[in-house]
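Worksheet for the structure shown next.
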Amino acid sequence: MSELHHVAIYLAAAVVCVAVMKRLGFAAVLGYLVAGVLIGPWTTGLIDDVESAAHLAEFGVVLLLFVIGLELQPARLWALRRPIFGMGSAQLLVTASALSAVAFVAGFGIGVALVIGFGLAMSSTAFVLQLLAEKKELPAHHGRASFAILLFQDIAVIPLLAVVPLLASSAALDEVDPLGGLLRLALVCGGLFLASRFLLRPVFQLVARSGVSELFTATALLVVVATTVLMEAVGLSATLGAFLAGVLLADSEYRHELEARLHPFEGLLLGLFFISVGMSADLGLLAAQPGRVFALVLTLMVIKFAVLLLVGRAFRLAWPAATRLAAVLCQGGEFAFILFGLAREVGVIEAETAALLIVVVTLSMALTPVAYALTARLLSVLAPPPAAPAFEMPQDDGGAVVIAGFGRFGTVVGRILRALRIPFTALDINPEQVEMVRQYGQKAYYGNATDLDLLHAAGLGRARALVLALDDAEASLKLAELTRRHFPAVRIFARARDRHHWTRLKDLDVAFVERELYHSSLRLSEELLIALGMHPRGARRAVITFRAHDETALERQRRYLDDQAGLVQTAKEAATELAALFDTDTRFDPRALSSRSSDTEVR
């Protein structure tokens, strides 16, 4: 069977199984696992070469770690230091200690027991975040706590991957040079730091100026692949290299665009990774020892549930929130597959033990949606569900506001928000503008704000407001429509280029629309009237009268948006009405105005 046939089978299985699982109310990750089981060697046998799929799927994990690195900005880590390093470290250390003790009592050596304990203490980042996002519970107390714990686990997996080879058998240890490995790691980190500062930013700026979105995607993939190849060439972990590359680019103005460009590849390859996990699950072992396997799954989930419940309460989560936290994180995670696979390769864990652990983790993931649904139903009976706060979320560069378009209009809004210490994320498609405003101390990110993936990466789903300040009227309308469809709770404050643009934005139910030159032209007109001799109060009244009449006329013209003849007719009628309105008020008599102006000039 050709590789193309394999690809067709992967895609067909993923489409069908994920769609069915979503229809049943489960997470997409469970669909990928089921797809892998169905096409794997233990059931239909449509794919019998599990290793070839696993090698390609590992790149999905590499991309995941790169994107995780992009999330780990120093400022963000500092803002979330207590939940990440407090709650996260407590969960990992206590859970790993408990599970390691169980493994040691079961007869494993201390080194193997530690690998098993730490591997099973990890939860599934992809699985949990997707589950919470689908249920719109990420802003809730247990959602934020889950995010912090998973973020710490993502950080902790890097040193764990580095330590596992040092626990290998004596034969493997003979081949390990810890001092040389640390020296190589330091050199590579230094090289990556210099490259990110002096090479990658100019390269991304050059690519951004080209305006070719595909080229930016190719460049982003090249960075990940090149870093991976470099790390493997010096004998270090490829995942470690991808993670470090992401961290070094976390403060770059291209961070959100990188996330948006890599997201489709990351999601697809992670799906393939979970399919390969399902294919490699030893169902023969499950069939031969069902009691033992399910006992281990139950032990894992109960221990993790108990520890997470206590950790949640220790960090002052209410009982309902702590219970939900424990239920959503009680499974094993994708990093357990990586850790156990590495431990098997270097001889720390026997192949049979690794296969058993993989089955246990897979089943725990499959049972988590059911356990969480039952927990939620129980809590709904015993206590009302926790309400998400009106406004509180992880620090994500911005937070309260996303500004789309950071030119002449958007920068003024940004300066006011910054002065008031209101966090915001600014996006602009012009790389020169992004670079210029950053030189003046304001932070903006390069990216096309009409890209839905970029909007998710910028945190629009958690923002309170969107400032729509794009120069391009069509792009502005597209973004307004995207926001209304995918982020209906976000309030839009829009800049309109002209009356036609204003009308189309209003038709999209944008609550607040301001014509970009309208107020400045009114202000200038007021000063002009005063200079011509009109009393300041009269000039002010004239401008207010004009504005009220103009807004009424503009609302009337909305019905003639696609009728040019109707627009012309209503515009003429509005002009006649306004002139008549001014004629009835003697304070606006142009002859008196001219006379007063002449007197002023003579004096």
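Any value given below was found using the heavy atoms of this structure, including those in side chains, with hydrogens, waters and symmetry copies removed. The model shown is predicted, which means the values in this text are computed figures rather than measured ones.
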Notebook entry, point to check: At their closest point, which heavy atom of Ala463 faces which heavy atom of Val402, and how far apart are they?
Noted result: CB-CG2, 4.1 Å
Margin query: For a 4.5 angstrom cut-off between non-hydrogen side-chain atoms, does Arg495 reach Arg408?
Written below: yes
Check: In Å and rounded to the nearest 0.5 Å, what is the CE to OG distance from Met365 to Ser124?
Finding: 4.0 Å
Note to self: Trp319 vs Arg313, test: side-chain contact (heavy atoms from CB on, under 4.5 Å). Steps then yes/no.
What the structure shows: CA-CA 7 Å; Trp319 276 109; Arg313 289 295 296 153; 3.2 Å; yes
Notebook entry, point to check: Residues two or more places apart in sequence or in another chain: which of them pass salt bridge (Lys or Arg N to Asp or Glu O under 4.0 Å) with Arg316?
Noted result: none
Next item on the list: Could you check Thr368, Val328, Leu150 and say which one makes a side chain to side chain contact (heavy atoms under 4.5 Å, CB included) with Ser123?
Entry: Leu150
Next item on the list: State, with a plain yes or no, whether a side-chain heavy atom of Leu479 is found less than 4.5 Å away from one of Leu455.
Entry: yes
Next item on the list: Measure across Arg497 and Asp471 and return the closest heavy-atom pair with its distance rounded to 0.1 Å.
Entry: CD-O, 2.9 Å
Note to self: Among residues at least two apart in sequence or on other chains, which ones pass side chain to side chain donor-acceptor pair (under 3.5 Å) with Arg491?
What the structure shows: none
Next item on the list: Verify side-chain contact (heavy atoms from CB on, under 4.5 Å) between Ile149 and Leu308, making sure each step is shown before the conclusion.
Entry: CA-CA 10 Å; Ile149 290 173; Leu308 283 160; 4.0 Å; yes
Checklist line | Gap separating the CG atom of Leu339 from the CG atom of Leu160, nearest 0.5 angstrom | finding: 6.0 Å
Next item on the list: Any chance you could measure Asn448, atom CG, to Phe216, atom CZ, to the nearest 0.5 Å?
Entry: 11.5 Å
Next item on the list: Report the distance from atom OH of Tyr445 to atom CG of Leu427, rounding to the nearest 0.5 Å.
Entry: 9.5 Å
Next item on the list: Ignoring hydrogens and angles, tell me if any N or O in the side chain of Gln91 forms a donor-acceptor pair with the backbone of Ala121 under 3.5 Å.
Entry: yes
Checklist line | Shortest non-hydrogen separation from Ala35 to Ala14 and the atoms involved | finding: CB-N, 4.2 Å
Margin query: Please determine whether side-chain contact (heavy atoms from CB on, under 4.5 Å) holds for the pair His501 and Arg515, giving the CA-CA distance in whole Å, both sets of side-chain angles, and the decisive distance to 0.1 Å.
Written below: CA-CA 9 Å; His501 189 196; Arg515 283 173 278 172; over 6 Å; no
Next item on the list: Of all the heavy-atom pairs spanning Cys17 and Gly31, show the shortest one and how long it is.
Entry: CB-O, 3.3 Å
Notebook entry, point to check: Passes ring-ring contact (aromatic ring centres under 6.0 Å, His included), Phe204 versus Tyr446? Steps please.
Noted result: CA-CA 10 Å; Phe204 280 124; Tyr446 166 79; 9.3 Å; no
Margin query: Any heavy-atom pair between the side chains of Val128 and Gln331 that's under 4.5 Å?
Written below: yes
Notebook entry, point to check: Side chains of Val401 and Leu466: does their closest heavy-atom pair fall under 4.5 Å?
Noted result: no
Checklist line | Rounded distance (nearest 0.5 Å) linking atom CE of Met21 with atom CG of Leu33 | finding: 9.5 Å
Checklist line | Thr95 side-chain N/O to Leu92 backbone N/O, donor-acceptor pair under 3.5 Å | finding: no
Note to self: So Ser89 and Phe152, do their side chains get closer than 4.5 Å, heavy atoms only?
What the structure shows: yes
Next item on the list: Apply salt bridge (Lys or Arg N to Asp or Glu O under 4.0 Å) to Asp451 and Lys478, showing your working.
Entry: CA-CA 10 Å; Asp451 186 318; Lys478 179 180 178 182; over 6 Å; no
Notebook entry, point to check: Side chains of Ser364 and Lys304: is there a donor and an acceptor less than 3.5 Å apart?
Noted result: no
Note to self: Quick check: closest heavy atoms across Ala480 and Ile492, and the distance to 0.1 Å?
What the structure shows: O-CD1, 4.0 Å
Margin query: Could you check whether any side-chain heavy atom of Leu452 comes within less than 4.5 Å of a side-chain heavy atom of His486, counting everything from C-beta outward?
Written below: yes
Note to self: Within the structure provided, determine whether Phe406 and Phe424 are in side-chain contact (heavy-atom separation under 4.5 Å).
What the structure shows: yes
Check: With a 4.5 Å limit on heavy-atom distance, are the side chains of Leu468 and Leu470 in contact?
Finding: yes
Notebook entry, point to check: CD1/Ile403 to CG/Leu417 distance, rounded to the nearest 0.5 angstrom?
Noted result: 5.0 Å
Margin query: Minimum heavy-atom separation for Leu317 and Ala145, please, with both atom names.
Written below: CD1-CB, 3.9 Å
Margin query: Within the supplied structure, the quantity of interest is the number of heavy atoms (other residues, nucleotides, ligands) at a distance under 6.0 Å from Arg484 CZ; does it exceed 12?
Written below: yes
